[in-house]
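Report on the following structure.
Values in this document were obtained by computation on a predicted structure and should not be read as measured data. Letters go in sequence order (proteins before strands), and every chain restarts at 1.
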Amino acid sequence: MNQTPYDRVKLARDSQRPTGMDYIRRIFHGFLEFHGDRRYADDPAIVGGIAWLGNTPVTVIAIEKGHTPKERVERNFGAPNPEGYRKALRLMKQAEKFGRPVICFADTSGAYCGIGAEERGQGQAIAENLTEMSTLCVPIVSILIGEGGSGGALALAVADRVWMPENAVYSVISPEGCASILWKDAAKADLAAASLKLTAEDAKRLGVIEKILPEEDLGEPSYYERIRALLSEEIVRLTHDPDLLQKRYDRFRRIGRIASDRVV
Amino acid sequence: MPLLNFLQPKNDLEEGGRISAPVLSDAGEPEQNCPNCHKDIPISRLRENLLVCSCGYHFRLHARQRITMIADESSFCELFSEIHSCNPLDFPGYREKLDAAAEASRENEAVICGTATVGGQRCCVFAMESAFMMGSMGSAVGEKITSLFEYAVKQRLPVIGFTVSGGARMQEGLLSLMQMAKTSAAVKRHSDVGLLYIAVLTDPTTGGVTASFAMEADIILAEPGATVGFAGKRVIEQTTKQTLPKEFQSAEFVLEHGFLDAISPRKDQKKLLAEILKLHNGGLQ
């Protein structure tokens, strides 16, 4: 517990940390992967499909970073292109049609900053996920398993419940990016990491997530077992909630701290 | 005088181009250098022309100038002006930045919201302020935009919004990021009850604002030459190790790739917005 926020960032980025595919394989069974956004391409940085959570069919979507250097290159280091977000949305819409809950695993340093990504509307793709997820008529649970990199992670996290393992981080900008913009010095990333309040504890305190998942058995069968049990329980609860969408709206509506001059 | 015909402007963009500088500049009058054509333009001449250079370059406008430009005279009624930023994370230097921004922009936040009539039709309006921390979105901007869309739903009004933003405000960390989801959900509710939202993207509209309410309008317009994109140009150059062409992320580039409905020069905007409202029977009482 003596880790600094920047130590957490490094842990969250560790290539040996479980990735999206590890979670899918170990929590669900019978995963069928479905590809493509039906518009342009299939983005290998986002994996999606249908699987069984116990006896319940669910739609599962995960950002995949890969472990080995070769896998990482193939997965574009977990930096999705617009077609990745559009594939995710297509699968969510399909889940809505067939009444399947959606479970997302987000892990990215951010949406890809590339020429093609801009040409194909990275901003528009993320924006569309934000609007559509806000009214998707099935339960959505998102787990930010490693790096929660800004809009690129949020595009899979407009959910009824958002959880984070204790060493995952969630931030509006990378600490290095923040330090280089504000202090013209990427070496001040540790100060930026502390200032940005990006740890799971911070996120929970700010009302951005509901649950912190302990990591003492990270990657062990018991770890996935526990998450499976939590997911199963939560999905049942959310499925029976008649005010699901109103609560999802309120969940985000109340986030923020403002000053007001209004005299009451 | 056919011999002097060459002095006549050939088109809109050239209007005044060849003759304006020598004729209209008074000795001693302050001038502004145009970053596009590099001419010095007398400020009074720029003002008359809605801060558009004769070469077509659109200078940045303040939020209130935008509203004055499109709203019918004295029809604007400001809403939510009491909402402004605090320093929720005790982020180093943020309080000072907010004070400096308030001083520079003479506004208390990076967006102005309210109602107005445009061509006689009532609507909600917001305009972002580039002089306030480059229009970045923190809790207060998110709250004001969300409140405006909720108000518009209650009053059954269309929304016209002018965006200019460097993106989410990093000094409020996750709270800023969440404003993207919060505003998007409010835009969606407004849309789902059949109301019209027109966005006018102005220079620059980037980051978390592009990836939320700027790109969620029914009709998305942009000013000529405005930078519109998600990632910053420098970040893309660093990531891809490529030099980007000048027109990359210009409004014209974004239009060509299918993400804008039209590019609208400033002088045409009021008429165009009024016409679009009329086509949707927007806010006609």
Check: B:H257 main-chain N/O paired with A:E119 side-chain donor or acceptor under 3.5 Å: no
I'd like to know if the side chain of B:S139 reaches the main chain of A:G256, judged simply by a donor and an acceptor atom lying under 3.5 Å from each other, with no hydrogens or angles considered. no
Distance, nearest 0.5 Å, that separates [atom1] of [X] from [atom2] of [Y]:
X	Y	atom1	atom2	answer
B:F230	A:R120	CZ	CZ	14.0 Å
B:K233	A:I115	NZ	CD1	10.5 Å
A:I258	B:F80	CD1	CZ	10.5 Å
A:F252	B:T183	CZ	OG1	11.5 Å

With a 4.5 angstrom heavy-atom cut-off, could you sort out which part of [X] is near chain A: side chain, backbone, both or neither?
X	answer
B:I220	neither
B:S212	both
B:Y94	neither
B:Q171	side chain
B:N108	side chain
B:E109	neither
B:A214	neither
B:S147	both
B:F248	side chain
B:Q242	side chain

Among [options], residue most engaged with chain A (heavy-atom pairs, under 4.5 Å):
options	value
B:T210, B:V228, B:L174, B:V254	B:L174
B:A140, B:A181, B:G232	B:A181
B:R189, B:K97, B:E172	B:R189
B:H84, B:E237, B:M215	B:H84
B:G93, B:G258, B:S191, B:G173	B:G173
B:E150, B:Q249, B:Q238	B:E150

Given the options [options], which has more heavy-atom pairs under 4.5 Å with chain B than any of the others?
options	value
A:A194, A:G121, A:G151, A:A117	A:G121
A:L182, A:L198, A:I173, A:I181	A:L182
A:E118, A:M133, A:R251, A:E132	A:E118

Non-hydrogen side-chain atoms of [X] and [Y] separated by less than 4.5 Å:
X	Y	value
A:K197	B:L175	no
A:S150	B:L177	yes
B:D192	A:T135	yes
B:F91	A:C178	yes
A:L206	B:L89	yes
B:T240	A:Y112	yes

Which atom pair, heavy atoms only, marks the closest approach of [X] to [Y]?
X	Y	answer
A:I255	B:Q179	O-NE2, 3.1 Å
A:W183	B:P92	CZ2-CG, 4.3 Å
B:C86	A:R257	SG-O, 3.6 Å

Check whether more than 12 heavy atoms from other residues, nucleotides or ligands sit under 6.0 Å from atom CZ of B:R106, and answer yes or no. no
Are there over 12 heavy-atom neighbours, none belonging to B:R234, within less than 6.0 Å of that residue's CZ? no
Between [X] and chain B, which part of the residue has a heavy atom less than 4.5 Å away: side chain, backbone, both or neither?
X	answer
A:R248	neither
A:L154	side chain
A:S171	backbone

A:R254 with B:E143: basic N within carboxylate O range, under 4.0 Å: no
Donor-acceptor pair between A:S134 and B:K188 side chains, under 3.5 angstrom: no
